[in-house]
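Since the structure comes first, as structure tokens, the remarks are kept for the end.
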Amino acid sequence: MALLSRIGVSLDSELLDRFDKFIAEKGYDNRSEAFRDLIRDRLVGSAIVTSTAPVVGTVTLIYDHRTRLLPEKLADLQHEHHEVVISTLHAHLDHDTCLEVVVLRGKSRNVQQLADKLISTKGVRHGRLVISSPDTVSPHHHSHH
Ligand code: NI
């Protein structure tokens, strides 16, 4: 049996409120089990193809463009990896909030790495990579053709 490790996680109270509502709706008894399921789901969803397989992906980012240097950092990352970036769509959702969709193409590991860098850039409020391959379809993403 695997050893159990305890970790501490810092969340802002608004995010924690939303998490508690989410787990109540899903019927979880406690936060730990819900947290474990979310982590497992995320890890499985990201491990769909070998690291050199050709894939396409879209990264969706939500952020506040007034966050110091954030638009510049996101643009710099995309220029540094221009061989992976096909196109970027930017929408100004409201006075402060931006939606950016970055279309990527390349080896799975390169697409994944750039997506991780974009999503983990400090100040990005929400980020998500959806990756597709001609050969493999993730069990967590349903395609409708
Ligand atoms: Ni904008």
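Computed from a prediction, not measured in an experiment: that's the story for all the values here. Counting starts at 1 for both ligands and their atoms, in listed order.
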Task: Rounded distance (nearest 0.5 Å) linking atom CG of Leu104 with atom CD of Gln78 - done: 8.0 Å
Open item on the list: If the condition is side chain to side chain contact (heavy atoms under 4.5 Å, CB included), which residues does Leu69 pass it with, not counting sequence neighbours?
Closed with: Glu72, Lys73
Open item on the list: For Asp116, is there any backbone N or O sitting under 3.5 Å from a side-chain donor or acceptor partner on Ser120?
Closed with: yes
TODO: Decide yes or no on salt bridge (charged side-chain N to carboxylate O under 4.0 Å, His left out) for Asp64 and Arg125, but give the supporting numbers first.
DONE: CA-CA 8 Å; Asp64 183 332; Arg125 289 216 308 259; 5.1 Å; no
Listing, residues 53-60 side-chain donor-acceptor contacts under 3.5 Å, not counting sequence neighbours, or none:
none

TODO: May I ask you to list the protein N, O or S atoms found at less than 2.8 Å from the Ni ion (ligand 1)?
DONE: His90 NE2, His92 ND1, Cys98 SG
Counting only pairs under 3.5 Å, give me each side-chain donor-acceptor contact of residues 16-24, with atom names and distances, residues two or more places apart or in other chains.
{"residue": "Asp20", "atom": "OD1", "partner": "Arg31", "partner atom": "NE", "Å": "2.9"}
{"residue": "Asp20", "atom": "OD2", "partner": "Arg31", "partner atom": "NH2", "Å": "2.8"}

